Amino acid sequence: MTTEERTGFRRFLSRLTATDSELDAEELQRDSAKCGAVPAGECSRGQVVSVSGRLRTVAYTPRTNLPTLEADLYDGSDVVTLVFLGRRSIAGIEPGRQLTARGRIAIRDDRKVIFNPYYELEAPR
């Protein structure tokens with residue numbers, strides 16, 4: 001058996017034994033890399049990045065004087081929370097939707113956050 005055949009066989013076995021969430025994370029990472037986005041796991045505070053992935057949760061969180069819409073974007077490596085200040089809802093921003101967001105990474109409560117990101121929705125699959 002050649003080295004390439006062994007790696008192909010190992011890859012087949014790993015895909016066969018992987019959980020659905022692991023396979024989904026691998027697919028999201030591949031899609032993210034295709035569009036040239038930075039993996040969320042490699043983003044650091046203050047960095048201007050483009051991240052791409054799937055929205056896991058979208059929640060309206062009323063603050064004292066400012067409504068806030070928060071969406072968790074998962075790219076297979078980590079989660080980045082997108083915070084839209086002054087918004088109660090945005091058409092197309094819903095769980096399960098694929099999108100690419102650009103902005104500066106901030107850290108809030110030990111979580112990666114982008115405030116008021118520029119975003120592009122991808123066509124539903």
Side-chain angles (χ1 to χ4, degrees):
M1 225 181 211
T2 65
T3 307
E4 289 179 19
E5 290 172 342
R6 275 185 264 165
T7 24
F9 184 67
R10 285 184 183 156
R11 188 174 33 240
F12 171 74
L13 282 178
S14 69
R15 291 190 58 80
L16 192 62
T17 59
T19 64
D20 288 340
S21 61
E22 290 172 336
L23 293 174
D24 188 42
E26 286 177 15
E27 180 184 351
L28 285 171
Q29 288 175 1
R30 276 194 306 275
D31 291 346
S32 178
K34 281 181 191 174
C35 72
V38 176
E42 296 177 12
C43 296
S44 58
R45 190 176 126 230
Q47 189 178 19
V48 176
V49 296
S50 174
V51 290
S52 181
R54 183 178 303 133
L55 293 176
R56 279 187 163 175
T57 60
V58 177
Y60 167 66
T61 53
R63 305 279 180 197
T64 52
N65 292 333
L66 184 67
T68 304
L69 184 68
E70 296 186 7
D72 287 340
L73 180 73
Y74 179 64
D75 75 345
S77 66
D78 201 0
V79 174
V80 174
T81 302
L82 308 177
V83 178
F84 300 93
L85 300 171
R87 304 296 298 265
R88 288 187 167 86
S89 67
I90 299 173
I93 302 291
E94 55 196 26
R97 217 38 215 272
Q98 294 278 131
L99 68 83
T100 301
R102 292 182 191 87
R104 187 174 303 276
I105 294 285
I107 303 294
R108 184 180 75 180
D109 300 329
D110 293 327
R111 294 175 24 203
K112 296 174 185 174
V113 177
I114 299 177
F115 290 97
N116 291 329
Y118 171 80
Y119 66 94
E120 297 174 13
L121 294 170
E122 295 181 18
R125 295 182 186 190

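Treat the numbers as computed from the prediction; the structure is a model and nothing was measured.
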Given T61, N116, V113, the one that forms side chain to side chain contact (heavy atoms under 4.5 Å, CB included) with V83
V113
Verify, without hydrogens or angle tests, whether E42 (side chain) and P39 (backbone) share a donor-acceptor contact under 3.5 angstrom.
no
Side chains of S89 and Y60 in contact at under 4.5 Å (non-hydrogen atoms):
no
Rounded to the nearest 0.5 Å, what separation is found between the CZ atom of R108 and the CD1 atom of I114?
12.5 Å
Straight-line distance of R54 CZ to L99 CG, nearest 0.5 Å
11.0 Å
Closest non-hydrogen atom pair, I105 against S44
CB-O, 3.5 Å
Of all the heavy-atom pairs spanning V58 and A71, show the shortest one and how long it is.
CG2-CB, 4.0 Å
ILVMFWY network linking L69 to L66, side-chain heavy atoms under 4.5 angstrom:
no
Tightest non-hydrogen contact, residues V49 and C43, listed as CG1-SG, 3.9 Å
Looking only at heavy atoms, which two atoms of P95 and R56 are closest? And how far apart?
CB-O, 3.6 Å
Report yes if the side chains of T100 and V51 come closer than 4.5 Å at any heavy-atom pair, otherwise no.
no
Minimum-distance pair of heavy atoms, taken over all atoms of R88 and P67
CG-CB, 3.9 Å
Mind checking whether V38 and D75 have side chains closer than 4.5 Å, heavy atoms only?
no
Within the structure provided, determine whether I107 and K112 are in side-chain contact (heavy-atom separation under 4.5 Å).
yes
Gap separating the OG atom of S52 from the CD atom of E120, nearest 0.5 angstrom
9.5 Å
Picking from T57, L82, T81, what satisfies side chain to side chain contact (heavy atoms under 4.5 Å, CB included) with E70?
T81
If Ile, Leu, Val, Met, Phe, Trp and Tyr residues are connected whenever their side-chain heavy atoms lie under 4.5 Å apart, and connections chain through other members, are I90 and V80 in the same group?
yes
Atom pair CG/OH of L55 and Y119 - distance to nearest 0.5 Å
10.5 Å
Side-chain donor or acceptor of D109 paired with backbone N/O of R111 under 3.5 Å
no
